[in-house]
Structures are given as structure tokens and as C-alpha cells.
There are 2 protein chains.
Amino acid sequence: MRTGKGVEWAMHTLLNLAWLGGGEPVPTAQLAAGHDLSPSYLNKQLQQLVKAGLLESVPGARGGFRLARPLEAVSLLDVVVAVEGDEPLFTCAEIRRCGTIGERCPNAAFTRPCAVRTAMGRAETAWRKALAEQSLADVQASSDAHSADMATRVRQAFGVD
Amino acid sequence: MRTGKGVEWAMHTLLNLAWLGGGEPVPTAQLAAGHDLSPSYLNKQLQQLVKAGLLESVPGARGGFRLARPLEAVSLLDVVVAVEGDEPLFTCAEIRRCGTIGERCPNAAFTRPCAVRTAMGRAETAWRKALAEQSLADVQASSDAHSADMATRVRQAFGVD
DNA sequence: GAAGAATTACTCGGATACTGCGTGTCCGAGTGTAACGGG
DNA sequence: CCCGTTACACTCGGACACGCAGTATCCGAGTAATTCTTC
């Protein structure tokens, strides 16, 4: 069980767009070249971000993607949900109701949610909460704290200025 | 991204062994019938629990599996790690070092860990902590609070007494 | 020289293959049990 | 009646297929910029 690489790709791409600044759209090919990613597959992930409202897409020549809102308003959870979907980590199949044990239990025993599901849900809530509490702007600030010239490097790499 | 169903199977199987009580080993076929699971596949999961030290296996006729230690000493994290492995949820491929952007960064910028990785790691730590803080005995108690006769039902379903 | 239309080049978007892991199944090695025969 | 031996039945354990989601790719629809023609 692990998150797809699309999550990492999306995070870095959003950060690069923020460092680049300005409202100019950037095409997929350029974003992919920034970290040597597959352009076609990155495009697929960015489309998910558009559907989730994190990016805006501009079609046609000189088109591309740009941030739909500042990174302060984008949490890590937003990115994960946009790319991976909002399905829970732990899926309860209610196996407690089946088999020789489940059949011996009165229906009243199933009115309350499965204890295993509840316990696993607590952990998942903690995970989601921690993701929701961190914005991509926080991550950007943390990165800038160690190497302050990222904005300049990104602009140079993208041939802006 | 979701946990395999082996986790749910393992949790309920451990709980059933606890409700059953006594040190007698229970064969896979009986445990699987308890919740109408695939015996062969359940066996595969139980072998993982043996490797992790949560279960003991008894070979030969009248053999099977029994708890290696009381559920008070088994956390949800132990079960998840035993079944799914201890690999992290978010795998950082260090894409920041590649491509037109990564190549413009001095090596000194990479001495500090990736900010994205760090942020995602915080959330994962919260998840693992929440899992580690809950024991299977807690889950058992929570279940007993709603329907107190589980031990009796499990013993009857397994034909003990 | 300016305006407008046709052309061109570029980009997104979704439809289409491929791969790896989770899922599911099967058979053999090993062991305790039970039956059997001999003392 | 008791004990040793033999055969058996049962169980775990790992090796072997299958299917689906994640991964990766390609081509068409649509749009803005550009160019060319005309006034």
C-alpha cells in the first residue's frame, strides 16, 4: 500500500508554478522537463488537479496550466485527494456479518459500526488532519529556508525573464 | 491507494482467536469459515502474522494457529505492518534532483531532506502513532460493549465445549 | 498601412496499450494421530 | 492386555496462475497566434 508517484509529481509541479510566479500558463512539456518526468503521464495528473479546482488549463498556442489559487489555500490533503481520489485507506467489507460466526449474531449487533472499522478510521482521520493542516505554502517556505534561490532557478530553467 | 483486504481479515481472525480463548490451535479452514473467507488466501495472511510474531503455528493433525501473545500487546500498527509490510505510504523518488530545475541546483541544496517528503512524513507519522496507540484488546472491548456475547458465539461457531 | 480571413502551429483532453502488484488457488513437505499386529 | 510399528489423515508452507489498478503512451479536437491577401 503506497501512494502513486502522481502525488509527488503534482506537489513539485504546483511548487514550481508558485516559484515561477506571474499568471502566465506553462505547458506540460516544460513542467515535465523541469524534473525529467513523462509529459503525457504528467498531463494526466494535471487534468485531475484541474477537475479538483487546483489548476486552470489554457488551451491553444501559448497555453498550459496555471495556479487556480495561491498555495496558502492549497493543503496537502487537497493534492492527495485530487490525484488519488477520496476513497478511504481502509475499506471495511463487513466480513463480520458473513460465515458461521456472522450468521450467529443477531441483526441488532450490526446496528453499531464495525469496531475494527472505527479504530482504523481514527488513524485515518489523524492522517487526513495532519495533511489538511499543512499547506503547500508551508512546504514552499520550508524549502526556501534551506535554499533561497529556488524562484530564480525555476524562472531560469523555464526561460522566463 | 488503499490497504489490502488482508488487514481486515487478520484483525477479525485475531479477535476471534481471542474470543475463543484457550491455547488450542485452530486450523485455517475453521477460521476462514467463521467469516466466509478464502481458506488458502487467509492462510497466506496468517503466515505473515507468524513471521511477525503475532501468531504461532502448529503443524500436523489437530494443528492450526494460536495467539502468540495477548491482544493487549498487539497494536493495530503491528497487524498492518505484519500484513502490508513496513514500507512508507509516500515514497519520495527525489525527482527534485532531476531535470532542468534539479540540474540548476547546487548539491548543497540536497543535503537537507526534501520538504515534500518531510511534510508527507509528518502525516504518516500521525497515522502510525494513532495505529500504535490502539491495541486489539481495545477493539475487542469496544465490540463487547455493544454485543457482549461474542465469545459465546465464536465458541459455538467453532464447535468448542 | 490597416483590417480581415485563411492557415499554421501548438496545447489540452481523452481514448488506448502495457506492467506490476494484489488477489486467489493449488500441491507438496512435515507431523501428530490412529489403527494394526505382535509379544 | 500392553507396546512398538506402520500407515494414514490432517495441517502448514511455499510455489504457481489470474485480474485489476496504476503506469505509460499516443492521437484527435480546439484555440490562439501568425501570415497572407485585399482594400
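Side chains included, hydrogens not; waters and symmetry mates left out as well; all remaining heavy atoms used. So you know, we letter chains A, B, ... as the sequences are listed, proteins then strands, and number each from 1.
A side chain to side chain donor-acceptor pair (under 3.5 Å) with A:Trp19 holds for exactly one of A:Thr152, A:Asp149, A:Asp144; it is A:Asp144.
B:Phe65 has its side chain out of reach of B:Thr13: every pair of non-hydrogen atoms, C-beta onward, lies at least 4.5 Å apart.
The side chain of A:Thr28 places an N or O atom within less than 4.0 Å of a non-bridging phosphate oxygen (OP1 or OP2) of C:dC12. Residue A:Lys44 has no polar side-chain atom (N or O) positioned under 4.0 Å from OP1 or OP2 of D:dT25. Contact between the side-chain N/O atoms of A:Ser57 and the OP1/OP2 oxygens of C:dT11 is not found at any separation under 4.0 Å. Phosphate contact (OP1/OP2 of C:dG14, side-chain N/O of A:Gln47, threshold under 4.0 Å): present. Put simply, A:Ser38 has no side-chain N or O that comes within less than 4.0 Å of OP1 or OP2 on D:dT23.
Looking at the side chain of A:Pro27, the nearest of the listed nucleotides D:dA33, C:dT11, C:dT23 is C:dT11. Residue B:Asn43 places its side chain closer to D:dC12 than to any other of C:dT25, D:dC12, D:dT25. Nearest nucleotide to the A:Tyr41 side chain, out of D:dG13, D:dG22, C:dT33: D:dG22.
How far CZ of B:Arg153 is from CG of B:Asn16: 12.0 Å, rounded to the nearest 0.5 Å.
Mapping A:Gly4 and A:Gly60 onto DNA chain D by nearest heavy atom places A:Gly4 at the nucleotide closer to the 5' end. Heavy-atom distances to DNA chain D give each of A:Gly6 and A:Pro59 a nearest nucleotide, and the one nearer the 5′ end belongs to A:Gly6.
Whole-Å rounding puts the B:Glu87 CD to C:dG20 C1' distance at 13 Å. Rounded to whole Å, atom C1' of D:dT23 lies 16 Å from atom CE of B:Met1.
In this structure a side-chain-to-backbone donor-acceptor pair under 3.5 Å is missing from A:Glu87 to B:Arg2.
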